[in-house]
Amino acid sequence: MTDSSNSGRQPRKKRNVSTNEEVKDANLFGDNPEPTDGPDDAPPAVMAPETPPDPFDPAALRINPNTAAGAIGVKRKLVTLKVGKPDKMEFCRVHPDESYRIDTAIVEDKINRESYLVTPALWPELPDFIQLVRLCVAVNRHGTTFLWPAKLPDPNGRPMDWHTSMLEAQELAINSWVRVQADMAAGSYAVFEATGNLPDPEWSDLTMAEMLKLAFKTRIIDSMNHPFLQELFGAA
C-alpha cells in the first residue's frame with residue numbers, strides 16, 4: 001500500500017553547500033577566484049599636455065609689494081664722488097657736522113675740469129698753482145653726495161665777492177636748501193633759499209676720510225714727480 005502523504009510530491013534536490021574551509025581552499029588554489037574588479041584595474045587616465053606659461057601674463061609680471069625693491073629696502077652705496085660747485089638749477093644742503101668740512105689746498109685742471117688734492121708738504125712748492133678751498137660734504141635733492149669747494153679769501157689780498165658769497169652759500173646750506181647761481185652783473189654768486197617745507201636729506205655713513213679717498217683716489221699729488229705736475233711744468 002502506498003503512503004498517501006508522499007503522493008504528488010517531487011523528490012527534493014540535494015543542495016551542494018560548501019563549508020567555509022572548502023571555499024577558502026578553492027580560493028587558495030584558484031578554483032574559485034575572487035572578483036578582481038577595482039580601481040587598480042581601471043584604464044589609465046589620459047593626461048592633457050601642459051600649457052607653457054605665457055611670458056606676457058599680467059599676473060606673472062605684476063610687482064609683488066612684499067619683494068619689491070622699496071619693500072625689502074635698498075640703500076645707495078657711494079663708489080665715486082664728484083668734486084665741484086652745485087649745478088645752478090639744483091637745490092642742495094651741506095652736512096651739519098663740522099667734521100665733514102675741511103680747509104685745504106687743491107690744484108685745478110681747467111682743461112679736463114678736475115681737481116687734485118695736494119698734500120701740505122708741497123704747498124710751499126706750488127704757491128702759484130694751489131687754491132686754498134673749503135671742502136664741504138653736500139647733497140642735492142636727488143640724493144647725490146658730492147664735495148663742494150669754495151675758495152677761501154686770499155690772506156694777502158682783498159676779499160673777493162665771488163669767494164665770500166660762495167662761502168656764505170655753504171653756511172646757509174647747513175640748515176636750508178639753497179641754489180647758487182653766478183650773477184655776473186653783481187660780480188658774486190646769487191643764493192636762493194627754498195621756500196617749501198622740504199625734508200632733511202639722508203646722509204651717508206662714510207667718514208670724511210673715506211669720502212676724500214673716493215673723491216681723490218686717483219688724483220692726489222704727494223710728490224713733485226706727479227704726472228700732472230710734470231705736464232704742468234712742461235717736463236713731460
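- Going from atom SG of C136 over to atom CD of E98 covers 10.5 Å, rounded to the nearest 0.5 Å.
- Judged purely by atom type and a 3.5 angstrom limit, E114 has no side-chain atom pairing as donor or acceptor with the backbone of R219.
- Of all heavy-atom pairs between V83 and A215, the closest is CG2-CB, 3.7 Å.
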(request) I would like to know whether R141 and L198 meet side chain to side chain contact (heavy atoms under 4.5 Å, CB included); could you show each step before the answer? (result) CA-CA 9 Å; R141 288 279 290 142; L198 302 180; 3.7 Å; yes
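- Side-chain atoms of D109 and L232, non-hydrogen and from C-beta on, never get closer than 4.5 Å to each other.
- Side-chain atoms of L81 and L212, non-hydrogen and from C-beta on, never get closer than 4.5 Å to each other.
- In this structure a side-chain-to-backbone donor-acceptor pair under 3.5 Å is present from E210 to T207.
- With values rounded to the nearest 0.5 angstrom, S115 atom OG is found 8.5 Å from K110 atom NZ.
- Side chain of R101 to main chain of R134: no donor-acceptor pair is present (N/O by atom type, distance under 3.5 Å, no hydrogens or angles).
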(message) One pair to check against side chain to side chain contact (heavy atoms under 4.5 Å, CB included): W203 and R93. What are the steps and the verdict?
(response) CA-CA 10 Å; W203 297 103; R93 289 283 297 274; 4.2 Å; yes
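- By the rule that hydrophobic residues join a cluster once side-chain heavy atoms approach within less than 4.5 Å of another member, F146 and F216 end up as members of separate clusters.
- In terms of heavy atoms, P124 sits closest to P120 at CD-O, 3.6 Å.
- Ring geometry, F228 versus Y116: the interplanar angle falls under 30°, so the pair is classed parallel (tilted spans 30 to 60°).
- Within the 4.5 Å cutoff, side-chain heavy atoms of L214 are placed close to those of L206.
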(message) What verdict does the side chain to side chain contact (heavy atoms under 4.5 Å, CB included) test give for H226 and I220, after you've listed the backbone C-alpha separation in whole Å, the side-chain angles of each residue and the deciding distance to 0.1 Å?
(response) CA-CA 9 Å; H226 190 279; I220 181 167; over 6 Å; no
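- For the pair S223 and L122, the tightest heavy-atom approach, listed with the atom from each and the gap, is N-CD1, 3.3 Å.
- More than 12 heavy-atom neighbours from other residues, nucleotides or ligands sit within 6.0 angstrom of NZ on K82.
- Side-chain atoms of P153 and L167, non-hydrogen and from C-beta on, do get closer than 4.5 Å to each other.
- The backbone N or O of F91 sits nowhere less than 3.5 Å from a side-chain atom of R179 that would complete a donor-acceptor pair.
- Side-chain heavy atoms closer than 4.5 Å link hydrophobic residues (I, L, V, M, F, W, Y) into clusters, and following such links, even through other members, never connects Y100 to W148.
- In this structure, the side chain of S176 does not engage the main chain of V178 through any donor-acceptor pair within 3.5 Å.
- Under a hydrophobic-cluster definition in which Ile, Leu, Val, Met, Phe, Trp and Tyr are linked whenever side-chain heavy atoms come within less than 4.5 Å, directly or via other members, L152 and M160 are assigned to different clusters.
- Taking hydrophobic clusters as Ile, Leu, Val, Met, Phe, Trp and Tyr residues chained together by side-chain heavy-atom distances below 4.5 Å, W123 shares a cluster with L126.
- What you find for C92 and A173 is that their closest heavy atoms are O-CB, 4.1 Å.
- Side-chain atoms of E171 and V94, non-hydrogen and from C-beta on, never get closer than 4.5 Å to each other.
- The shortest side-chain heavy-atom distance between V139 and T144 does not fall under the 4.5 Å cut-off.
- Nearest heavy atom pair, residue T80 against residue K217, reads CG2-NZ, 4.4 Å.
- Environment of CD in Q131: crowded, with over 12 heavy atoms of neighbouring residues, nucleotides or ligands closer than 6.0 Å.
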(request) Show your working on side chain to side chain contact (heavy atoms under 4.5 Å, CB included) between V137 and M211 and close with a plain yes or no. (result) CA-CA 8 Å; V137 174; M211 291 192 181; 3.5 Å; yes
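- Shown here for I174 and P96, the closest heavy-atom pair between the two residues is CG2-CA, 3.8 Å.
- Side-chain heavy atoms closer than 4.5 Å link hydrophobic residues (I, L, V, M, F, W, Y) into clusters, and following such links, even through other members, never connects I111 to V107.
- With a 4.5 Å cut-off on side-chain heavy atoms, D97 and M208 do not count as touching.
- Side chains of E168 and Y189 form no contact here, defined as non-hydrogen atoms less than 4.5 Å apart.
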